[in-house]
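Heads up: numbering here begins at 1 and tracks the sequence.
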Amino acid sequence: MPGKWLGRSLLTAVLSLCLMGCTDFEIMDAPQVSYASISTANTYACALTTDGEVFCWSGVDPRPTLASGSIRFSSVSTFLNHTCGVALDGMAFCWGFNIVGELGTDDRPHQCLIRTLTRSQVVPCSRDPIAVQGERVYESVSVGSGHSCALTTDGEAYCWGSNSNGQLGTASEPECETSFGVFPCSPEPLPVGGDLRYSSITAGRNHTCAIALDGSAYCWGAGGSGRLGNGASEDSPVPVPVTGDLTFRSLSSGGSHTCGVTTDDVVYCWGSNADLQLGENVTELSCGRQLSQCVTTPNRLPADIRFVSVTASDGPVGVTGLPIGGHTCGLATDNHVYCWGLNEDGQLMASKEFRSSHPVQLPGDDSFVDIDAGLLNTCGIKTDGKVVCWSFGSPWSSWVVPAG
């Protein structure tokens, strides 16, 4: 997969280019549009305006580019190399890489070049939004590293793309032809097994979680580090219930951990705790074959803060090439942002610690309505509709998205 070729050192080097001369919280021109929601990938971010347009930008070039064309969207999601959104009429559209069917179609109208320090590779892609196949009407969509999942208006879950760890949630074993040969994947949206209806869904790097209509949480896909929250570390091709009898309002699947906010505004996290991203220095005696600390069941964030939502980052990879760490950020009920976990590249902004097990409030008195964490970066929508992103490879740096 191309995501494995883009090493963390290269990513930091590339993203640091934009920060040469723009550290110490340099403020650029204010945007001319008002944003409603944000989705942050590993090297770029996309935001939905109040008018339904989608603009995307990167740390290297933080000038928003219109990505939605003439389509108006109600939601948008991005993660690594592709983006999907639900249009106002309920149709799903995706753009970006289409190596393993992650765009939800066999169409591959363009070729995109992947460059790293050691190699270049041309892969199929689409530079414009293309429709996900099928006649379903969707309510929301969430994107992982090589797969995508969406909920229909009646709460049915469908997933497409890579199924390398069972992240599509189907007991079948779909295969498709890719540029690299036959791969476990499906360009056609497949129904998630279990006959459950869901209110929300979140795709991580190689796993997926969703909230059922009764508020209980289910996860499937890669189970390493305990990110499925079911007390085990094995992969699961079908949804398994998260332990604890908790009732969730929202969930966020990251690279190696998952976090959620319960209906009483409390954050619980599970999975890898290599960088203290679970909010406490906790670990279990056995986490399968993982080399890092982890917790396989929900662990309550020990902080006297009430949260509206939480976002789990993708996180840097370990020696095995799999994500093991990262950071977590939460939007509190007072609209302030708190982050905890890895701070190697300034993810926590207000802390000089390399890692922090306790939530650190973002400096300043800005109020936010939405936040989302990528790899080394986090972006948020302020109450005035402006976007702020921080980290992108250098401590104590931040930038405001300028006008396009």
Over all atoms of both residues, closest heavy-atom pair of [X] and [Y]:
X    : Y    : value
D235 : G223 : OD1-N, 2.9 Å
S250 : S309 : OG-CA, 3.9 Å
T40  : C379 : OG1-CB, 3.4 Å
L213 : S199 : CD2-N, 3.9 Å
V132 : P189 : CG1-CG, 3.5 Å
V100 : G146 : CG2-O, 3.5 Å

Decide whether [X] and [Y] meet the rule of one side-chain donor and one side-chain acceptor closer than 3.5 Å.
X    : Y    : result
E284 : T296 : yes
H82  : S126 : no
H257 : S225 : no
T49  : D51  : no
S236 : H207 : no
T208 : H147 : yes
H336 : D365 : yes
T50  : Y35  : no

Hey, does [Y] have a side-chain heavy atom less than 4.5 Å from the side chain of [X]?
X    : Y    : value
W270 : N299 : no
L376 : Q347 : yes
L342 : P316 : yes
C209 : Y218 : no
V182 : E177 : yes
V266 : L301 : no
P191 : E156 : no
P298 : T243 : yes

Are any side-chain N or O atoms of [X] and backbone N or O atoms of [Y], one a donor and one an acceptor, separated by less than 3.5 Å?
X    : Y    : result
S256 : S272 : no
N273 : V282 : yes
E53  : S68  : no
Q277 : D275 : yes
T258 : R227 : yes
N206 : G221 : no
N230 : L228 : no
N343 : E353 : yes
T283 : C294 : yes
T333 : F307 : no

Taking disulfide bond (SG atoms under 2.5 Å apart) as the cut-off, I'd like each qualifying pair that reaches into residues 60-92, sequence neighbours left out, listed once.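 Output for this query lists C84-C94.
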Taking the inter-plane angle between the rings of W220 and Y198 on a 0 to 90° scale, is it parallel (under 30°), tilted (30 to 60°) or perpendicular (over 60°)?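 If you compare the ring of W220 with that of Y198, the planes turn out tilted.
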Hey, could you give me the [atom1]/[atom2] distance between [X] and [Y], rounded to the nearest 0.5 Å?
X    : Y    : atom1 : atom2 : value
L331 : S367 : CG    : OG    : 9.0 Å
I211 : L246 : CD1   : CG    : 11.0 Å
Q293 : L276 : CD    : CG    : 7.0 Å
T383 : D370 : OG1   : CG    : 12.5 Å
D372 : S39  : CG    : OG    : 4.5 Å
C56  : Y44  : SG    : OH    : 7.0 Å

Charged N to carboxylate O below 4.0 Å: is that the case for R306 and D264?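 A salt bridge is absent here (no side-chain N lies under 4.0 Å from a carboxylate O).
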Stepwise side-chain contact (heavy atoms from CB on, under 4.5 Å) check, V192 with T170: CA-CA 5 Å; V192 172; T170 174; over 6 Å; no
Begin with the C-alpha distance, continue with both residues' side-chain angles, and end with the deciding distance and a verdict on side chain to side chain donor-acceptor pair (under 3.5 Å) for E102 and S162. CA-CA 7 Å; E102 57 264 55; S162 172; over 6 Å; no
Between C125 and N98, does the side-chain contact (heavy atoms from CB on, under 4.5 Å) criterion hold? Intermediate values first, please. CA-CA 5 Å; C125 66; N98 198 22; 5.6 Å; no
Please lay out, stage by stage, how W95 and R127 fare under the test side-chain contact (heavy atoms from CB on, under 4.5 Å). CA-CA 6 Å; W95 59 96; R127 299 186 182 93; over 6 Å; no
side-chain contact (heavy atoms from CB on, under 4.5 Å), that's the test. Do F55 and L66 meet it? Break it down for me. CA-CA 5 Å; F55 286 88; L66 180 64; 3.9 Å; yes
Who passes ring-ring contact (aromatic ring centres under 6.0 Å, His included) against F93, sequence neighbours left out?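 Once residues adjacent in sequence are excluded, F93 has no partner under the ring-ring contact (aromatic ring centres under 6.0 Å, His included) criterion.
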Does NZ or CZ of R205 lie under 6.0 Å from the centre of the six-membered ring of F79, at an angle within 45° of the ring axis?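 The answer is no; the distance or angle limit is not met.
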Over 12 foreign heavy atoms within 6.0 Å of CG, D334: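 More than 12 within 6.0 Å, yes.
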So does D245 have more than 12 non-hydrogen atoms from other groups sitting under 6.0 Å from CG?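 Open: at most 12 neighbouring heavy atoms sit under 6.0 Å from CG of D245.
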